[in-house]
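It should be emphasised that the depicted structure is a prediction, and the values quoted were computed from it without experimental measurement.
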Amino acid sequence: MKERVMGMVLSAATIGEYDKRVVLLTKERGRISAFARGARRPKSPLSASTEPFTFGEFFIYPGRDYYTIEQVEVKNFFPELRKDLDSLYMALYFCEAAGYFTREGLEAKDELNLLYLSLRALSVPSLPPKLVRYIYEFRLLFIEGEVPRIFSCMKCGGEKNLHHFYVGESGIICDNCYDGKTGITISETAIYTLQRIVSSPLDKLYTFTVGESVQRELEQVIGRYFSAHTDKKFQSLAMLEF
C-alpha cells in the first residue's frame with residue numbers, strides 16, 4: 001500500500017541504465033533506502049526530485065528489502081548550496097552525519113528538522129559555515145543522547161566557575177575540581193554557547209554568532225567530542241578539509 005512520508009534525500013546513486021537508489025531521511029520511518037525507477041531518463045519527473053538535499057513529501061511503496069518512490073512533492077531543494085563548493089561539501093557532510101546516527105523504523109523528526117534548518121543556515125551570509133557545522137554536530141549529539149554534562153560540574157555538581165571540558169569523561173569541571181593536568185580550558189562565553197546549543201528551540205538555533213576566539217574554542221571542544229563519539233570517516237568532510 002502506498003505511503004506518504006516527509007523527508008529529505010541524503011544521497012543518490014545510479015543503478016543500471018535508468019534507475020536511482022536513494023537514501024531518504026524521513027520523519028515517520030527514519031533512514032530508508034528507496035529505488036526511483038526510470039529517474040535517470042531525461043523527461044522523468046523523478047530526475048531532479050531524487051537529488052541530494054531534496055526536501056518534501058515522498059509517495060512510496062514498501063517492498064521486501066527497500067521502498068519504491070512513485071511521486072515527490074518538492075518543498076525545497078536548496079539550489080544555492082550547489083553554487084559554492086564548500087557549502088556543497090558541508091551540506092553533504094551534514095547528510096552523511098544524519099545518515100550515520102539514524103536507523104530505519106525509528107522516527108527521525110528531530111534529526112530531519114535539524115538537518116533542514118542547518119542547510120538553510122548555510123545560506124545565511126552572516127553565519128560562518130564552520131559555526132553552523134559546530135552547532136549542527138553538537139545538537140545532533142544531543143538529539144542522540146550523547147551530550148556531555150555542561151550545566152554543572154560533573155564532579156561536585158556546582159554551577160559556577162565552569163572552565164574545563166573533559167572529552168573522555170564527557171563533562172565540564174569547575175575550577176575547584178580541576179586537577180591542572182587534563183581537560184580543555186575554555187571561556188565562560190564558550191560554555192554558555194554550548195549550553196545554548198542544546199537548550200534553544202530548533203527554530204532559534206541559528207540566531208546568534210560568536211567571535212573568532214570562541215569559534216576556535218568550539219572547534220577544539222566539539223570537534224574532539226564529536227570524533228570521540230563516531231567511528232566513521234566522513235568522505236565529504238575529508239573533501240571539505242582537503
Side-chain angles (χ1 to χ4, degrees), residues 1-85 87-123 132 136 139-140 143-144 202-203 205-206 230 232 234-237 239-240:
M1 182 172 61
K2 183 167 64 175
E3 301 179 24
R4 181 175 66 178
V5 296
M6 182 66 70
M8 181 183 293
V9 177
L10 299 182
S11 63
T14 58
I15 300 294
E17 189 174 357
Y18 297 113
D19 302 335
K20 283 184 182 180
R21 177 185 179 274
V22 303
V23 177
L24 298 174
L25 179 62
T26 70
K27 170 185 173 182
E28 298 84 356
R29 293 190 170 274
R31 188 195 67 211
I32 63 174
S33 295
F35 277 85
R37 303 295 183 187
R40 298 186 65 219
R41 295 182 184 275
K43 296 183 179 181
S44 171
L46 296 178
S47 178
S49 60
T50 51
E51 288 296 302
F53 319 139
T54 300
F55 176 81
E57 291 185 318
F58 293 79
F59 296 82
I60 58 177
Y61 283 99
R64 178 180 298 179
D65 299 315
Y66 55 85
Y67 293 84
T68 298
I69 300 174
E70 181 192 65
Q71 179 186 349
V72 184
E73 293 185 0
V74 178
K75 307 296 184 183
N76 197 345
F77 58 97
F78 299 96
E80 64 278 3
L81 296 177
R82 295 172 172 83
K83 298 177 182 179
D84 177 76
L85 196 58
S87 296
L88 174 64
Y89 281 123
M90 186 73 79
L92 289 172
Y93 166 59
F94 289 177
C95 289
E96 270 196 273
Y100 174 84
F101 282 103
T102 53
R103 299 292 181 268
E104 182 173 346
L106 297 178
E107 183 182 286
K109 176 183 177 181
D110 290 340
E111 290 90 342
L112 179 62
N113 287 342
L114 174 63
L115 179 59
Y116 181 85
L117 292 171
S118 300
L119 295 191
R120 286 182 56 184
L122 287 176
S123 303
V132 176
Y136 174 77
R139 185 60 177 244
L140 183 59
I143 292 172
E144 303 306 323
L202 278 178
D203 60 350
L205 190 59
Y206 293 107
T230 54
K232 174 182 172 62
F234 297 98
Q235 296 181 355
S236 49
L237 184 59
M239 292 298 297
L240 189 65

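At most 12 heavy atoms of other shown residues, nucleotides or ligands fall within 6.0 angstrom of atom CZ in Phe77.
Judged by distance alone, with hydrogens and angles left aside, the side-chain atoms of Ser87 form no donor-acceptor pair with the main-chain N or O of Lys83 at under 3.5 Å.
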Using side-chain contact (heavy atoms from CB on, under 4.5 Å), reason through Thr26 and Ile60 one step at a time and then give a plain yes or no. CA-CA 11 Å; Thr26 70; Ile60 58 177; 5.9 Å; no
Test log, rule side-chain contact (heavy atoms from CB on, under 4.5 Å), inputs Glu107 and Glu28: CA-CA 5 Å; Glu107 183 182 286; Glu28 298 84 356; over 6 Å; no
Would Glu144 and Tyr100 count as a side-chain contact (heavy atoms from CB on, under 4.5 Å) here? Give the steps. CA-CA 11 Å; Glu144 303 306 323; Tyr100 174 84; over 6 Å; no
Passes side-chain contact (heavy atoms from CB on, under 4.5 Å), Met239 versus Leu92? Steps please. CA-CA 10 Å; Met239 292 298 297; Leu92 289 172; over 6 Å; no
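Listed by chain and number, the residues in a salt bridge (Lys or Arg N to Asp or Glu O under 4.0 Å) with Glu3 are Arg29 (sequence neighbours excluded). With sequence neighbours left out, the salt bridge (Lys or Arg N to Asp or Glu O under 4.0 Å) criterion links Lys2 to Glu70. Residues forming a side-chain contact (heavy atoms from CB on, under 4.5 Å) with Leu202 (at least two apart in sequence, or on another chain): Asn113, Leu114, Leu117, Arg139, Leu205. Looking at residues two or more places apart in sequence or on another chain, you find a side-chain contact (heavy atoms from CB on, under 4.5 Å) between Arg4 and Glu57, Phe59. By the salt bridge (Lys or Arg N to Asp or Glu O under 4.0 Å) test, Lys232 is found to be paired with Glu96, residues two or more places apart in sequence or in another chain being considered. Every residue meeting the side-chain contact (heavy atoms from CB on, under 4.5 Å) condition with Ala108, not counting sequence neighbours, appears here in chain and number order: Leu25, Thr102, Glu111.
Contact record, Arg21 with Ser33: NH2-OG, 2.9 Å, taken as the closest heavy-atom pair.
Ring geometry for Tyr116 against Phe55 counts as tilted: the plane angle lies between 30° and 60°, on a 0 to 90° scale.
The side-chain heavy atoms of Phe234 and Phe94, taken from C-beta on, include no pair separated by under 4.5 Å. With contacts defined as side-chain heavy-atom distances shorter than 4.5 Å, the pair Leu115/Leu10 qualifies. Between Leu119 and Phe53, the closest side-chain pair of non-hydrogen atoms falls below 4.5 Å.
Geometrically, Arg37 engages Phe35 in a cation-pi contact defined by less than 6.0 Å to the ring centre and at most 45° from the axis.
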